[in-house]
Every structure is written in structure tokens, then in C-alpha cells.
There are 4 protein chains.
Amino acid sequence: MKKRALERREQILKAAFHAVADKGFEAVTLQDFADYAGVSKGVTNYYFENKEDVFSSLLDWVTKQIYKNECEAINDQSSAMKKLEAYIHSVFISPEKNRTFYKVYLDFIAQASRNERYQQINLQFYENCWGLGREIIVFGQEEGVFPKELDLNQSAKMIRATIDGCLIQWLMCNQDELHELYKQSCLETIVRFLRC
Amino acid sequence: MKKRALERREQILKAAFHAVADKGFEAVTLQDFADYAGVSKGVTNYYFENKEDVFSSLLDWVTKQIYKNECEAINDQSSAMKKLEAYIHSVFISPEKNRTFYKVYLDFIAQASRNERYQQINLQFYENCWGLGREIIVFGQEEGVFPKELDLNQSAKMIRATIDGCLIQWLMCNQDELHELYKQSCLETIVRFLRC
Amino acid sequence: MKKRALERREQILKAAFHAVADKGFEAVTLQDFADYAGVSKGVTNYYFENKEDVFSSLLDWVTKQIYKNECEAINDQSSAMKKLEAYIHSVFISPEKNRTFYKVYLDFIAQASRNERYQQINLQFYENCWGLGREIIVFGQEEGVFPKELDLNQSAKMIRATIDGCLIQWLMCNQDELHELYKQSCLETIVRFLRC
Amino acid sequence: MKKRALERREQILKAAFHAVADKGFEAVTLQDFADYAGVSKGVTNYYFENKEDVFSSLLDWVTKQIYKNECEAINDQSSAMKKLEAYIHSVFISPEKNRTFYKVYLDFIAQASRNERYQQINLQFYENCWGLGREIIVFGQEEGVFPKELDLNQSAKMIRATIDGCLIQWLMCNQDELHELYKQSCLETIVRFLRC
DNA sequence: AATGAATGAGGTTTCATTCAT
DNA sequence: GATGAATGAAACCTCATTCAT
């Protein structure tokens, strides 16, 4: 049954997500995937080509989830500033979730420089995020809150760079209580470099 | 002789640096370290406790090297803007060197969230970099090019977040020709959010 | 299935027993265990925690086997002297079997002085053997062939000391034809120090 | 200088003796020998062919020392029973010394069944000890305290078997306070099986 | 004579993958 | 579909031995 298989795959991917977050890309085993999913060791190899395939699928799945959340957050708002705030808000979702995601995400991008497949998936994620950035900037330019002279592509990239830079730095400091501060700083920084 | 041992350690660390850059934290072996250093397999274990010890020492060594370069670049300049430019220039040193360093650095910070030792070393690196940021901002505030209202600590952190965010994004795009663009964008972004 | 696993463990323990007898505690490898059992290298680590765990299990298993044989031999007899003869007969079972067992046993007790676990297992074996000695002596005292004044615990310990002392000395002489002589001497020695 | 070399060898053998007692035959390293002797790692290979050579020399040296002590103890006495008591007394010298020696000795005899050289050295030790036993028995027979019918060779072997059996059992029980008890039991047992 | 740096063989262990059930 | 026993490649690490100094 096709549907059953898809559910199984997602079950394993979710398990793999938490397993990687806990153990790390380097240390996680197929047995961990099975344990986290509450299934037997053979299942993973039944639904995925191999370990590498689980990883690719996981990166694809998780970045798409993140992008979906960001989209929904932005689409709910109608002014540029509200959209930007909603974007940042959806990205800085909570210390727990950010920690889990960025642990896994960092593992992937560390690998990505040596893995074509991960690079491609991440590039797609980047393109999606840059698109959101551009949308917000265009809105702001039309509203007159952001200058027309801004380079659209470049600015969109800087938005994402700032977000990732902030969340990575926050993760490295390992202090949940700084989460709110980094969120505010990130938003303020972006607003400051986008303003007229 | 002590001196000889230190040279040997550095020789191995340099070899390890390139080996990790090429193969990745996860895949690199002690044999790789030996091969890159042009020595035999046992040497690494003779000069280091174990593989983990090589990694810690490597992170410590490489971040200190980077910081030293940044310091020298800044100290050579006397105005805030010149210092900032020199800082960015020293960080965005060249596609080749940035690629090598950030590949390795990403591997480490990906591990750092699960490794106390790496976290500490990286935190020290952060503190050092934040110090440089503060120095530049204070200079600029005295010169009047940056507003007095800027939160010194927060802004210094945002400078480093932007730098790391940019270089990671650049690395992920895997296009050397974008290096110059990211360097300019990074500088411009920082200048824009620091300005009055 | 549990039963299959237990069979497998026993298969490996038997293989390990002969491997240790041939190569020695110090030199035997996991590969040897696998080769002797006719399985692949990974199997041992699948059924046992590690090499140490194989050794502990082996000592436990082999001493229990020996004790079981001794029990059966004694229980088949009804007079003290017959029991003693049966005990010695079951211990001095054959040059081949004694050589194999005492080679392995010596390896273990050599380690035992530095290994808590082996010491415990051997102590249990001792307690069991001393129990058999006491049983024989009590029987003989009731029959009137052994004096009432004998210290039960002490004499039981001396019986085992004599047995081990004889078999170790026999093994060291490396002459199978002396086996019968040592058996007779051992029995005679014990009878002489137990008699009235 | 020949004399200097002999001193050096003895220094290393003494160190090796304690190193083996502490770490065990299996675990002891050439580095341990050097550390215990307070010399550098290369010295051992300078004065001995290889590790194996150290071990053989050690077994030879230590068994000869033991035999020398036993001889002296016996020669100081003039009656059979006094000689036997002196023999047992010199063997059961002290918990500390017996523990150290028997730990090492057990390690060697465990190896001896697979090592021709150790076997030969131990056989020489046995011959020496049996000789002492015979000397005591002959004395006793002449004094009339031991029966003429005793098989001289067989009885001498049983004396040593009882001694080794007792000291090994004592060592395995790991209770220093039992040392005196085992000494008494050993003597009593030997006296009982030698008496008329 | 003595040192200790260097080598590399070989051991234990982990784990992705296969496949019979 | 699902399981988990079995395989064997490959990694880390230890350490006897060699040898330049």
C-alpha cells in the first residue's frame, strides 16, 4: 500500500530527526533510528535505500517543514513590517525547537560542503527563504518603508544570513534565556539595514 | 626535546586541518592525519592522547590563528571605518582559505552543541571576536560615525553573526566567484545597521 | 528466540574454551573464538558484551560443568571411601580433558588475583568443591573411617588444595603417562591425612 | 663492564617482578618495566633480547631466589620435623611476599603449558623442591618419625603439591588473615600423610 | 650506554548492510 | 511486510621493537 509506506517513511524520518538531534550526525546509528521509531532494525533498510538515503530525505523533509511554517506566518500578515516580524517570529519559534532543528541543520550543512545532494537540498531551501525575503522587501518598498535602491537579491540573502548567523551563535552559547534577546537583535539588525 | 615535540604537534595539527577540510570530521581517520603529515600511523597517538585530543587541539589552534590575523589587521588601522574594512578584509581572506577554514569550522560547531570542550573553545573565540567588534564600535562612536545609542555588546554580537552567516551561506552556494559579492554585502550590511 | 540465543552462546563458549586452551588467555583473539566456532568475527560481539564478558561467562560455565560432574560421581556412591574414590576419579578424568581444563583454569586463576569477577566465580567453585569434601568427610566420620576430631572445613579445603596441587604439578611435567600416578598419589595422600 | 651489566639486568628483573605482580603478565608493558626500574624505555631492549627474554630471565631468577631461601631455612635445622617446619615457614613467608610471588608464579605456570622455556625452568624449580622434600623425608625415616615404606619421590612431590595447592587457594580467597591458618593446615596435612 | 621518537602490526569494537525466516 | 541474526569492513588504539642521536 502506497499510503502506508509514506506514513512509515515519515515515522522513520521524525524518529531520525530526534535521533540526529540527540546523538549527532556522526554518532547516530540505524539502530538509533529503529529505537526512536519503535520499530525493528530492518525497517529502515526496507523503506530507504541506505543510511545516506535517510539523511537526504530527512534534510529535504525538515527544510520543507520549516519553509512551510515560514510561508504561513508571512501570508497571514499584510504589511511589510508585520510580515518581517512574523517571519522572524516563526523562525525563532522556541528555544527547544530551535535547538533541535539547528543541531540537525548544522550537522547537515557541515556535511553539505562535501555532499552534492545535501548542497542541492539546502540550496533549494535557500532559494525558498530568499524568496520570502524578497517578498517582504518588495512589500516594504511599495509601502515606502524600505528604500527603492536596495538590491533585492542581495538584501534577501543578507536577511537569511543574519537569521542563520544569529541562531547559530545563540546555539553555541547554550543559554536558552538569550533566545529572546537574539530574536530581538536579529529583527532590529535586519530592520536597521533595510531602512532608508 | 620540548621544542621538537611542539613542532611535531603543529605539523600534525596542520595536516589534520587539511585532512578534516577534505574528508570531513565524520570521515577523517588517524591514518589520514598521518598521511597528510607524511608520518606513520602511530605518531598521532604519540603526540596526542587520542583522536578527540587532536580535534580539540585543532579547534583551539585554528581559532587562535584566525583571531590573531584579525587582531593584526585591525591594529594596523586607525579609523573605525578603516578598522571595520580591515576586519572584514581579513575575515574574507580568499575563497580557498575561507572554504578550508569554514568547512572545518562548521564541522566543529556542528559537534559543539554536544561537546562541552568544543563549546568552550568556540566561546573563547566568540569572546575574542566580540571584543574586536566592540573596539571598532567604540572607535566609531568616538569619531561620531556610529550612534552613541548602540548597545555595544549586542552590536558586536551582530557583527560576528553577520560575518558567520554570510560566509556559511557563501560556502553553501559553492561558487567562488560570489566571494567578493558576499564580502561587499557583509560589509555594507554591517555599516548600514551600525550607522546613525 | 531465546533458546536459539542460548545455544549460540554455548556454542561460542565451547569454542572459546578450546581456543583458550590452545592459544592461552593472553594470546587468544576474538577471531580465534569465531574460527573455532565456525562463525564470523562479529558474532561474538553480538552475543557477548565484549571479550571480557566471554571470559567471565566461560569461567562460570566451565566451573559449573566440572562441579556438576563431580556431584554426579559422588552421589552415585554410598560409602565415604567410594565417594572419595569417585570424586578423585571424576576429577582425574583423563589426560586430555585434564590438560584442556587445567590450562584454561590456570589462565583464569592467574588473572583472578587482579579480577574481582573471576575471583567471585572461582570462590563459588571453591565453595561447591569444599561442600563435596565436607560431605565425604561427614560420611566417613559416621562410618568411623575418619576421626571425629578432624576440622571439617579445614580438611575439605585441604582435599581441594591437594587435588589442584597435584593436577597443576602433573600439567607442568607435561607427561601424560604420569596422570595415573598422580591420581593414585593424590587419593593416597588424601586418604592418609584423613585417616584416624 | 660485565659487572655493571649484571647489576642492570637484576635491577630490571626486580622492577619487572613487581610490575608483573601489579599489572599481570598479560597487561604489563616494556614501559612498565622501565617505569618501575626508573630507567628509560630503551634500556630493557638493550640488556635483554626482547620481552620474552625478560620473562624467562625473571622466572629463572625468582624461582632460584625462592629455592635459595628454602635451602637456607632447611639447612639451619637438624631434625626432620624442624626441617619440615622451617621449610613451610620459609615458604609461607608473609601474606605480602606470598601474594606478590604467587601472583607472578601463577602467571608463569599458566603460560608454561604452552611455553617450552618456562616449563623447563619450572621443572628445574620442581626438581630442586622435590630434592628438599626427599631430604626431609630421608631424615625423618632415619629418625624413625616417618615410615620406611614411604615412596620417596612420590611423597616429595606430594609435599610440593600440597604447598602450592594451599598457597594458590589462599591467594584466591584474597584474605590475608587466612594466611596463618593455611600455613598451619598445610604443615598439619603434610605431617599427617607422612606419619607412620 | 642510554634515550625516546618513530613505526606499523595486530587487537577489539562498532555498525551498515544483507537475507533467511 | 517485518524481523533480527549474521557478516565483515574499517576504525581506534596499544605497544614491541628499531634506531638515530
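Chain naming here is simple, since letters A, B, ... match the order of the sequence lines and numbering starts at 1 in each.
- Closest non-hydrogen pair, Arg114(B) versus Val20(A), comes out as NH2-O, 3.1 Å.
- Of all the residues in residues 7-20 of chain D, Arg8(D) reach under 4.0 Å from DNA chain E with at least one non-hydrogen atom.
- Among the duplex regions that DNA chain E forms, those built from at least three successive Watson-Crick or G-U pairs under 3.5 Å are E:2-21 with F:2-21, ordered by first number.
- Among the protein residues, Tyr47(D) comes within range of the sugar-phosphate backbone only, with heavy atoms under 4.0 Å from sugar or phosphate atoms but none that close to a base.
- An OP1 or OP2 oxygen of dT3(E) is reached within less than 4.0 angstrom by no side-chain nitrogen or oxygen of Arg4(B).
- Proximity of Lys41(B) to Leu30(B): side-chain heavy atoms (C-beta onward) are nowhere separated by under 4.5 Å.
- Atom CZ in Phe33(A) sits about 18 Å away from atom C1' in dG4(F), given to the nearest Å.
- dT13(E) atom P lies 10 Å from atom CG of Asp53(C), rounded to whole Å.
- Partner Gln11(D) forms a side chain to side chain donor-acceptor pair (under 3.5 Å) with one of Arg8(D), Lys14(D), Arg9(D) and no other, that one being Arg8(D).
- With rounding to whole Å, Asp35(C) atom CG is found 12 Å from dT7(F) atom P.
- The shortest distance between side-chain heavy atoms of Gln65(B) and Leu13(B) does not fall below 4.5 Å.
- Tyr47(A) meets the ring-ring contact (aromatic ring centres under 6.0 Å, His included) test with no other residue; sequence neighbours excluded.
- You'll find the side chain of Asp60(B) stays beyond 4.5 Å of the side chain of Phe125(B), heavy atoms only.
- Evaluation of the ring-ring contact (aromatic ring centres under 6.0 Å, His included) rule for Tyr118(A) yields Phe108(A) as partners, not counting sequence neighbours.
- The CD-P distance, from Glu26(D) to dG10(E), rounds to 18 Å in whole Å.
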Per-nt protein contacts along nucleotides 12-19 of chain F (heavy atom under 4.0 Å; B base, S backbone sugar-phosphate only, - none) come out as BBBSBBB-
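- Here the side chains of Gln119(B) and Asn115(B) are not in contact, with every heavy-atom distance at 4.5 Å or above.
- The side chain of Tyr46(C) contributes no N or O atom lying less than 4.0 Å from OP1 or OP2 of dA6(F).
- Annotation: side chain of Glu116(D) is not in contact with side chain of Asn174(C) (no heavy-atom distance under 4.5 Å).
- To the nearest angstrom, C1' of dA2(E) lies 15 Å from CZ of Phe48(D).
- For the pair Val54(C)/Ser57(C), no side-chain contact is recorded, criterion being any heavy-atom separation below 4.5 Å from C-beta on.
- The ring-ring contact (aromatic ring centres under 6.0 Å, His included) check on Phe48(B) picks up nothing, with sequence neighbours excluded.
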